[in-house]
> 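The structure's right below; bear with me while I get my questions together.
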Number of protein chains: 4
Amino acid sequence: MLERTEKNSRAAQQELKSLRDRIVRLEEQKKEIAEDIKETYAEAKGRGYDTKALRQVVKREMETAAEAEKRRETEAITELYLANLGMLDGTPLGDAARERVVKAEEQDKGDDDAPPPSGEKRGIFTAEEIDEARSRGASDSREGRRIIDNPFMAGDPRRAAWDEGHCQERGSDGMDIPDSWRRKSKAVAPPEKDVQP
Amino acid sequence: MLERTEKNSRAAQQELKSLRDRIVRLEEQKKEIAEDIKETYAEAKGRGYDTKALRQVVKREMETAAEAEKRRETEAITELYLANLGMLDGTPLGDAARERVVKAEEQDKGDDDAPPPSGEKRGIFTAEEIDEARSRGASDSREGRRIIDNPFMAGDPRRAAWDEGHCQERGSDGMDIPDSWRRKSKAVAPPEKDVQP
Amino acid sequence: MLERTEKNSRAAQQELKSLRDRIVRLEEQKKEIAEDIKETYAEAKGRGYDTKALRQVVKREMETAAEAEKRRETEAITELYLANLGMLDGTPLGDAARERVVKAEEQDKGDDDAPPPSGEKRGIFTAEEIDEARSRGASDSREGRRIIDNPFMAGDPRRAAWDEGHCQERGSDGMDIPDSWRRKSKAVAPPEKDVQP
Amino acid sequence: MLERTEKNSRAAQQELKSLRDRIVRLEEQKKEIAEDIKETYAEAKGRGYDTKALRQVVKREMETAAEAEKRRETEAITELYLANLGMLDGTPLGDAARERVVKAEEQDKGDDDAPPPSGEKRGIFTAEEIDEARSRGASDSREGRRIIDNPFMAGDPRRAAWDEGHCQERGSDGMDIPDSWRRKSKAVAPPEKDVQP
DNA sequence: AATGCTCCAGCTGAGC
DNA sequence: GCTCAGCTGGAGCATT
């Protein structure tokens, strides 16, 4: 019996020890990688990037399609709530929020499955058209147009593409990152909470 | 000495006990309020509100001016990063991001303190003009204009005010909250990650 | 229709606004109380208390009976794991862990429902006996016995009561809290990880 | 100039993109490892281990010497607070807490650097003596002694070693882990909060 | 004093 | 329906 007991005890103990060691090793690897990530952010900060913004970018890049959709939905609803409460303070509704309202209105008016009313062709642009808008943004940038001169209307998917093209074309002096990429670059006086009385 | 010791011991103990009880009482109050908050969110959810969006709204409402400014700055930089990486996926730059770029460009071109180039009067609208835009949004809504017909250009502060006016005017059937305020109202097929090739 | 729409819109908006304000108000109250708690801890720290330990005390005080039981169970199992892995480093098993092992052994030996073997009467002490142990701890303290001279054996519930009596009796000089209540009081050289080769 | 601008822009963009991708890759690795850890815990749970206790064990194993010392100090102070508030509920003071009190008392009595009073030799056991205690725990276990029969007094460092030896010797039936290692094994009736009136 | 990091608790979503 | 694990957000702590 002594033999049996000893052996079984050892078995359970060995198993426990093995589990512990496996986890410890994995945790150490995880910790190392976390270190690397932290270092990378530190390096980015040293070069003038806004780490908070960078974190957001990373988050977005890692989103699945479903998560992105969910996020966009929440953002749109948030904007609608803000608009209804008069809290937009300067930032107009994004396209998703507008679209949401339009869709709700259409359904409201009856389920007669009415096609998009006017002659617009909302959301049905080909990849070529989108790309063309991006190229045009780039060339407009080269020709000195400013980012606020985006020719596409709100709600037009080419609007974002033009922005991308323009941004990707814009330059900077030397190796430096653009001023607009930095924090506090202009740190204007903190605005009063309510501009509109 | 026994007396002294006992007395002092009691003093320290009483103090510790008092501190403990004070904190426990406060923690209990805090817990109660947290309960109330949770209940309120549950109620909101029951009535069809998106609690996640509602939480955002609450957060914004509680922001100080400085915090709001900081948030807007980070948001703008994030958008610029996304634009430069071609990750805007449909959501064009907001006004703050555009403004940021323009400011950086101006400084770039030389500190000749150039005034806002064209005839625009960016950012210098009176409260009256802003209010007028809000009223116009409301009346446009009554006249059947849609939220995507906002007449003000991107970058114009009246754009947001018009949106507010329009939203605040829009109605719903019965006591119900508008469809656009609900989650999953249209839950379209989750889009592929890259629309633009 | 305009009337109806307007009215309903207002209703939904009012509801949203009301929800928001209710939550904001509650959150503000919560924040205030959190402030008070923080201040209390700061005060305690100022008087020499170890806030981390104090937090633990508060946590325990707020535990429900079920939570306390669960915690004790987890603690006991943790100790057993540590013992089996040779990681006890100086802290012997607590009574709960010993009891756990004994119970398991008994069941192991057969479900003959054997009564506690020897003449001990584990766990069946009256409140009076417990109180007596506490009083004895107090008087032993007055008579100069030291806290390490607890006469009750490990596993005896009176052991903890004697400790309580002794501690509650011990004094300090002046208004000051005892040295043993402070952090770093003796900060001995950080021990090497493995005392036992 | 166009060339310059384009090139520099590209440089900054490439840098940003590179930073983003580096972080994304690291985050993915981290996520994978986190998966592995989770799986390991799940496996442990499946075999009857208490994952919460296992987590604690892992935490301890990963502690540095300094962190361990700090933890022990906080634990000791917590116990002293509990004792003084009459909240020990059954768990007597651990050795560290006792030692702490004794040290404070000694200093109190004057810095005459008094040697440990009685004939004890606290804390000055050789590694051999400690190991001997461990072996004795193991053999005592084989001879049928129970874990509550630890012959070393509270405060004696050999006490923990004996416990380790005993635990490491104890067996179990078949491959199974001991009952005492499982949760809810005995789930006694949740005790009333105050046993002592 | 302000910032960044780490830890913890509380909330959310899944799963029996 | 309740529990439970995962996760996000906030709070404390250390640091500069």
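By convention in this document, chain letters (A, B, ...) are assigned in the order of the sequence lines, proteins followed by strands, and residues within each chain are numbered from 1.
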> Let me know the distance between CD of Gln56(C) and P of dA9(E), rounded to the nearest Å.
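It is 9 Å, rounded to the nearest whole Å.
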
> Need one value for Lys30(B): base, sugar-phosphate or nothing, where a base atom within 4.0 Å counts as base even if backbone is also close, heavy atoms only.
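Nothing, no heavy atom under 4.0 Å.
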
> Grab the OH-P distance between Tyr41(B) and dT12(E) for me, whole Å please.
9 Å

> Round to a whole Å and report the spacing from CD of Glu27(A) to P of dT6(E).
14 Å

> Indicate the ring-plane relationship of Tyr49(A) and Trp181(A), choosing parallel, tilted or perpendicular according to the 30° and 60° boundaries.
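Taking Trp181(A) first and then Tyr49(A), their aromatic rings sit tilted (interplane angle of 30° to 60°).
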
> For Arg72(C), is there an ion pair with Asp89(D) - N to carboxylate O distance below 4.0 angstrom?
yes

> Taking only side-chain nitrogens and oxygens of Thr51(A), does any of them come within less than 4.0 Å of OP1 or OP2 of dG4(E)?
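Thr51(A) to dG4(E) OP1/OP2: no side-chain N or O under 4.0 Å.
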
> Looking at Glu79(A) and Arg100(A), does any basic side-chain N land under 4.0 Å from a carboxylate oxygen?
no

> Send over the distance from Arg55(A) CZ to dG4(E) C1', rounded to a whole Å.
9 Å

> Rounded to the nearest Å, what distance is computed from the NZ atom of residue Lys31(D) to the P atom of nucleotide dT8(F)?
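Result: 9 Å.
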
> In plain terms, say whether Arg71(A) and Glu67(A) are close enough for a salt bridge, that is, a side-chain N and a carboxylate O under 4.0 Å apart.
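Looking at Arg71(A) and Glu67(A), the cut-off is not met.
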
> Between Lys38(C) and dG12(F), does any side-chain N or O lie under 4.0 Å from OP1 or OP2?
yes

> For Lys59(C) and Glu35(A), take the nucleotide of DNA chain E holding the closest heavy atom to each; which residue's nucleotide lies nearer the 5' end?
Glu35(A)

> To the nearest Å, give me how far apart CZ (Arg183(B)) and P (dG13(E)) are.
8 Å

> Determine, for Glu43(D) against Arg22(A), whether the closest basic-nitrogen to carboxylate-oxygen distance falls under 4.0 angstrom.
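The answer is yes: the pair qualifies as a salt bridge.
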
> Please tell me which of the listed nucleotides, dT3(E), dA9(E), dG12(F), lies nearest to the side chain of Lys70(B)?
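Of all the options, the side chain of Lys70(B) is nearest to dT3(E).
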
> Figure out the NZ/C1' separation between Lys45(C) and dG12(F), and round it to whole Å.
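That distance rounds to 9 Å.
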
> Answer with base, sugar-phosphate or nothing: what part of the nucleic acid does Lys52(C) contact at a heavy-atom distance below 4.0 Å?
nothing

> Please give, in whole Å, the distance from dT12(E) C1' to Ile37(B) CD1?
17 Å

